[in-house]
Amino acid sequence: MNRSQAEVEKLIIVGSGPAGLTAAIYAARGNLNPLVIAGREAGGQLTLTTDVDDFPGFEEGIQGPELMAKMRKQAERFNTRFINEDVVSVDLKAKPFVIQSESRRLTADSLIIATGASAMWLGLDSEQRLRGKGVSACAVCDGFFFKGKVVAVVGGGDTAMREANYLAKLCQKVIIIHRRDVLRAQPVLAELVKTKPNVEFVWNTEVVEVLGQEKVTGVKLKNTQTGQISELPIDGLFVAIGHKPNTDFLKEQLELNEKGYVVVEGETRTKIPGVFIAGDLADYRYRQAVTAAGAGCKAAFDIEEYLEAMKLPTEGNGG
Ligand code: NAP
């Protein structure tokens, strides 16, 4: 492509959670003039949470959406530009890279992809129909609505234990439904939950249907060993079966592992020079706002080094 014909961005950052926004703050301060394609649901998973008590610097805690708004304002202070659209596709084989958002075709010399991850669902029609009506994937966001009620948590991993632990403080009873009879969760988290008097386990069991018309009234269960079907009355269902990285648009473009996470070399690099990764789309293990922010910072440093090595100017939009 003729660089004079199209405006080639120096750096495009895809995603506006803690990873993308931290990358933007560092890159903007480093004079890389970043453009952030923020997504329609800008701000990422933290916009779905309430109290964030573990992000350093906020001794009294902070609300997730407020933290993200602050990060965005900070990035804007250094003149980061934003487009609130989703990316539909990318062509990373082209040079400059091509990024197609919902309404625009953009090109860039370098990219930081920070699209994060989203909660996984069981895949039941009834589950989707009752989302927001008693079905949730975020205890911290929605637990308050179930104060004094009976809820179930599906899953046997760390997320399920964390969700159950949180809900046990609010709800009359929390029933953990797990498809096996052994938890995947770390023992320390499993013990924390097992010692709660108002937490019960239902083992070797899958949810096959969520019951209720206007709101959740129960779940239909299937024993994975005997096939026996039963019903359990509950007021709310929290699905905590893991997260899925938001990498569908990268499938033909970058190396992904069997779970869809981007395979990175070192900290942030991909096999394609100039394409860097930050945050949950490559992080199966930590998935914390602060680790994502750290990854965003590293990606911005790596981009700066890359662009310097390419001897591309670090001012203005184009080359
Ligand atoms: P995970 O470790 O993959 O566990 C998912 C759980 O959901 C498993 O018990 C799995 O059952 C179950 N499951 C998956 N698909 C299911 C389905 N379709 N129907 C019913 N059950 C299903 O995911 P995670 O708990 O979200 O944790 C992900 C990573 O984040 C882990 O590395 C974890 O350590 C980390 N994490 C850490 C903390 C912390 O506080 N340190 C908190 C949250 C997450 P099986 O066991 O049978 O596969």
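This is a predicted model, so every value here is computed, not measured. The analysis underlying the following values was restricted to heavy atoms, covering all of them including side chains, and did not include hydrogens, waters or symmetry mates. Counting starts at 1 for both ligands and their atoms, following the listed order.
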Q. Got the closest protein heavy atom to atom 24 (P) of ligand 1, with its distance?
A. Thr159 OG1, 3.1 Å

Q | Val154 N/O to ligand 1 N/O under 3.5 Å | A | no

Q.
As a check for students: among Met161, Arg180, Arg162, identify the option with a heavy atom nearest to atom 40 (O) of ligand 1.
A. Arg162

Q: Check Leu130 against Gln213 and note the closest heavy-atom contact, atom names and distance.
A: CD2-O, 3.5 Å

Q: Any atoms of ligand 1 less than 4.0 Å from a non-hydrogen atom of Gly156? List them with their elements.
A: 6 (C), 7 (O), 8 (C), 9 (O)

Q: If you have a sec, work out which protein heavy atom is nearest atom 10 (C) of ligand 1 and how many Å separate them, to one decimal?
A: Arg179 NH2, 3.8 Å

(Q) What I'd like to find out is whether the side chain of Lys70 reaches to under 4.5 Å of the side chain of Phe58, using heavy atoms alone. (A) yes

Q) Among Asp280, Asp54, Asp158, which residue places a heavy atom closest to atom 34 (O) of ligand 1? A) Asp158

Q: Report the part of Tyr284 (side chain from C-beta onward, or backbone N, CA, C, O) that has a heavy atom under 4.0 Å from ligand 1; answer both or neither where that applies.
A: both

Q. Considering only the protein, which heavy-atom contact is closest to atom 7 (O) of ligand 1, and what is its distance?
A. Ile241 CA, 3.3 Å

**Q.** Any Met120 heavy atom less than 4.0 Å to ligand 1
**A.** no

Q. Which atoms of ligand 1 have any heavy atom of Gly242 under 4.0 Å away?
A. 23 (O), 26 (O)

**Q.** Rounded distance (nearest 0.5 Å) linking atom CG of Leu192 with atom CE of Met161
**A.** 10.0 Å

**Q.** Ionic contact status for Glu267 with Lys298, cut-off 4.0 Å
**A.** yes

Q) Glu206 near ligand 1, heavy-atom distance under 4.0 Å? A) no

Q: Report the part of Arg184 (side chain from C-beta onward, or backbone N, CA, C, O) that has a heavy atom under 4.0 Å from ligand 1; answer both or neither where that applies.
A: side chain

Q) Salt-bridged, Asp91 to Lys95, with N to O below 4.0 Å? A) no

Q. Do any N or O atoms from the side chain of Glu308 and from the backbone of Glu305 form a donor-acceptor pair under 3.5 angstrom?
A. no

Q: Could you check atom 41 (N) of ligand 1 against the protein and tell me its nearest heavy-atom contact, residue, atom and distance included?
A: Gln186 NE2, 3.3 Å

Q) Looking at ligand 1, does any of its N/O atoms fall within less than 3.5 Å of an N/O of Gly155? A) no

Q. Under a 4.0 Å heavy-atom limit, does Val207 contact ligand 1 with its side chain, its backbone, both, or neither?
A. neither

Q) Do the side chain of Glu102 and the main chain of Asp86 share a donor and acceptor less than 3.5 angstrom apart? A) yes

Q. What part of Arg287, side chain from CB on, backbone N/CA/C/O, both or neither, has a heavy atom under 4.0 Å from ligand 1?
A. side chain

Q: Using the six-membered ring of Phe82, assess whether NZ or CZ of Arg72 lies under 6.0 Å from its centre and within 45 degrees of the ring axis.
A: yes

Q | Donor-acceptor pair, side chain of Gln253 and main chain of Val90, under 3.5 angstrom | A | yes

Q: Below 4.0 angstrom from a heavy atom of Leu122, which ligand 1 atoms are there? Numbered from 1 as shown, please.
A: 19 (N)

Q. Among all protein non-hydrogen atoms, which one is nearest to atom 35 (C) of ligand 1, and what is the separation to 0.1 Å?
A. Arg285 O, 3.3 Å

(Q) Quick one about Thr115 and Asn246 (side-chain donor to acceptor, distance below 3.5 Å, no hydrogens or angles considered), yes or no? (A) no

**Q.** Test item: His178 and Leu183 side chains (from C-beta on) under 4.5 Å apart, heavy atoms
**A.** yes

